[in-house]
Amino acid sequence: MIERFAGRLRDWHLRHGRHDLPWQRQGPYPTWISEIMLQQTQVRVVIPYYHAFMERFPDVEQLANASEDEVLKHWAGLGYYARARNLHHGARQVRDLFGGEIPNSLDELMTLKGIGRSTAGAILSLGFRQRGVIQDGNVRRVFSRIFGIAGDLTTSVKQRKLWDIADELTPADGEEAAVHTQAMMDLGALVCTRQRPKCHSCPFRSDCYAYTSDHVADLPQPKRIRQRKTEDWVVLEVRNSANQILLGRRPTQGIWGGLYTPPIDTSLRDLEATLSLPDLLDSEEVHIKEHAFSHFKVRLHHLRHRFDGLAPPEFEWIDLRGFQGGLPAPIAELLSKE
DNA sequence: CAACCGTGGGA
DNA sequence: TTCCCAAGGTT
């Protein structure tokens, strides 16, 4: 089974795999961009962002020379904004430390911000067509079912085991490894899905532990999700007579790091203390919007206020049209309302 | 090691 | 409505 695995996977992929994704066979830079965008993010969500991003930042040099604000503007709505900040930082590392050429070794790739072992393996394999090994959610799910790996897959023992299997199954030849890498992800994404897997069309069903022992629904073990707390945030939309709006850049650390939002705090009273705008307590609540982050929830209380004068510290008057910075998705939606 | 870090969509 | 997940990495 181990001996025949790669060959059988390749044959399946030739007929049933994905061969027309926009970043495929485009070289290391497009592979890098797509791999970062695809972290924890579905293909159909990524595609429009990928096209716009590549249009504006067609190569490493243009990405490195751009401002972080503009990079985040193109990332706005995708989420996990550290990915964009790290990617931008990584492009500058390539420019300044690698002479503008993306390195083609595992160790060097992993020195770039935001590139871990799996993403480095993917760039080596898919981007450079050199031998590289990945270990993503698709691979973990496929292996846990085929080889019957139960329990928590994030422990170091299980991680070691999964990496060992992945390494053993990956062909030595670079081009074959590239096809293998794409095929592993396609099998996980198209057949060996989390819910309602299509075992009837799986090339490994006769050897699959989960399928042959009727444990497909139990593997891999779902990770326990802790209850998410809910906070209340007051989002203060302040406009002046020129229809500009008060926005401030959020600190790099924390939620929405590097993006721009209106003044936000847990109460209007706290906002009044920091902003000291006249008649702030008279501002009206437009509506309340619930928003879920990965580890907590918020009720966004949308308030409107009119003010003409100097922007308070940490904020600036901004015309949203042509603004070169990123707005978080729920904030952009909130500000677009009448 | 566990918490942190977004968003949209499907069930 | 609510829960869960989708090509992870950093701290």
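Each chain gets a letter, A, B and so on, in the order its sequence line appears, and its residues count up from 1. Side chains included, hydrogens not; waters and symmetry mates left out as well; all remaining heavy atoms used. Computed from a prediction, not measured in an experiment: that's the story for all the values here.
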Expressed in angstrom and rounded to an integer, what is the separation of [X] atom [atom1] from [N] atom [atom2]?
X        : N      : atom1 : atom2 : value
A:Met110 : C:dG9  : CE    : P     : 8 Å
A:Leu87  : C:dT10 : CG    : P     : 12 Å
A:Leu112 : C:dT10 : CG    : P     : 10 Å
A:Gln195 : C:dC5  : CD    : C1'   : 7 Å

key: Any residue meeting salt bridge (Lys or Arg N to Asp or Glu O under 4.0 Å) with A:Arg25, in chain and number order, not counting sequence neighbours   = A:Glu175
inquiry  = A:Asp308: which residues meet the salt bridge (Lys or Arg N to Asp or Glu O under 4.0 Å) condition with it, sequence neighbours left out?
reply    =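 Salt bridge (Lys or Arg N to Asp or Glu O under 4.0 Å) list for A:Asp308, sorted by chain: empty.
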key: Under 4.5 Å side-chain linkage, directly or through intermediates, the cluster mates of A:Leu310   = none
key: Reference residue A:His302; test side-chain hydrogen bond (donor to acceptor under 3.5 Å, both in side chains); the match among A:Glu284, A:Glu285, A:Glu237   =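 The single option meeting the side-chain hydrogen bond (donor to acceptor under 3.5 Å, both in side chains) with A:His302 is A:Glu237.
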message = So if I take residues 114-143 of chain A and measure heavy-atom distances to DNA chain B, which residues fall below 4.0 Å?
response =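 Correct list: empty, so none.
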key: Contact residues, residues 160-172 of chain A to DNA chain C [heavy atom, < 4.0 Å]   = none
query = Counting only non-hydrogen atoms, which of residues 175-190 of chain A are less than 4.0 Å from DNA chain C?
reply =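 Per residue number, the list reads A:Gln182, A:Met185.
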task = Could you tell me whether A:Trp75 contacts a base, only the sugar-phosphate backbone, or nothing, with contacts defined as non-hydrogen atoms closer than 4.0 Å?
result =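 Result for A:Trp75 = nothing.
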message = Just to be sure I understand the rule, does A:Ser156 reach a base, reach only the sugar-phosphate, or reach nothing, if contact means heavy atoms closer than 4.0 Å?
response = sugar-phosphate
Which residues pass the side chain to side chain donor-acceptor pair (under 3.5 Å) test with [X], sequence neighbours left out?
X        : value
A:Gln130 : A:Asn104
A:Gln221 : none
A:Arg131 : A:Asp167

inquiry  = Can you see whether A:His16 engages A:Asp186 through a side-chain donor-acceptor pair at a distance of less than 3.5 angstrom?
reply    =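 No, A:Asp186 and A:His16 have no side-chain donor paired with an acceptor closer than 3.5 Å.
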request  = Kindly say if A:His295 contacts the phosphate of B:dC5, meaning a side-chain N or O under 4.0 Å from OP1 or OP2.
outcome  =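 It does, given that an N or O in the side chain of A:His295 lies less than 4.0 Å from OP1 or OP2 of B:dC5.
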Atom pairs, N/O to N/O, protein against nucleotides 6-10 of chain B, distance under 3.5 Å?
residue : atom : partner  : partner atom : Å
B:dG6   : OP1  : A:Tyr80  : N            : 3.4
B:dG6   : OP1  : A:Tyr81  : N            : 2.7
B:dG6   : OP2  : A:Trp256 : N            : 2.6
B:dG6   : O4'  : A:Tyr80  : N            : 2.9
B:dG6   : N7   : A:Tyr80  : OH           : 3.3
B:dG6   : O6   : A:Tyr80  : OH           : 3.0
B:dG6   : N1   : A:Gln40  : O            : 3.2
B:dG6   : N2   : A:Thr41  : OG1          : 3.1
B:dG6   : N2   : A:Leu78  : O            : 3.2
B:dT7   : OP1  : A:Tyr81  : OH           : 2.9
B:dT7   : OP1  : A:Ala329 : N            : 2.9
B:dT7   : OP2  : A:Trp256 : NE1          : 3.1
B:dT7   : OP2  : A:His291 : NE2          : 2.9
B:dG9   : O3'  : A:Arg44  : NH2          : 3.4

Using atom types as modelled, flag every donor-acceptor pair under 3.5 Å from a side chain in residues 248-256 of chain A to any protein atom, sequence neighbours excluded.
residue  : atom : partner  : partner atom : Å
A:Arg249 : NE   : A:Asp69  : OD1          : 3.0
A:Arg249 : NH2  : A:Glu68  : OE2          : 2.8
A:Arg249 : NH2  : A:Asp69  : OD1          : 3.3
A:Arg250 : NE   : A:Ile255 : O            : 3.1

Ionic contact status for A:Asp59 with A:Arg95, cut-off 4.0 Å =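 Answer for the salt bridge query: no.
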query = Does A:Thr41 reach the side chain of A:Tyr49, with side-chain heavy atoms less than 4.5 Å apart?
reply =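 No, side chains not in contact.
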ask   = B:dA3 and C:dA7: how far apart are their C1' atoms, nearest whole angstrom?
value = 22 Å
inquiry  = With rounding to the closest Å, how many angstrom separate the P atoms on B:dG8 and C:dG9?
reply    =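 It comes out at 23 Å once rounded to the nearest Å.
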ask   = For A:Thr155 and A:Phe296, take the nucleotide of DNA chain B holding the closest heavy atom to each; which residue's nucleotide lies nearer the 5' end?
value =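 The answer here is A:Thr155.
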ask   = Does A:Trp163 have A:Arg117 sitting over its ring (NZ/CZ under 6.0 Å from centre, angle to axis within 45°)?
value = yes
message = For residues 118-157 of chain A, which residue pairs pass the ring pair (Phe, Tyr, Trp, His ring centres under 6.0 Å) check, not counting sequence neighbours?
response =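 Every ring pair (Phe, Tyr, Trp, His ring centres under 6.0 Å) pair that includes a residue of residues 118-157 of chain A, provided the two are not neighbours, is A:Phe143-A:Phe147.
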message = Are A:Phe53 and A:His51, when compared by the centres of their aromatic rings, separated by less than 6.0 Å?
response =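 That pair fails the under 6.0 Å test.
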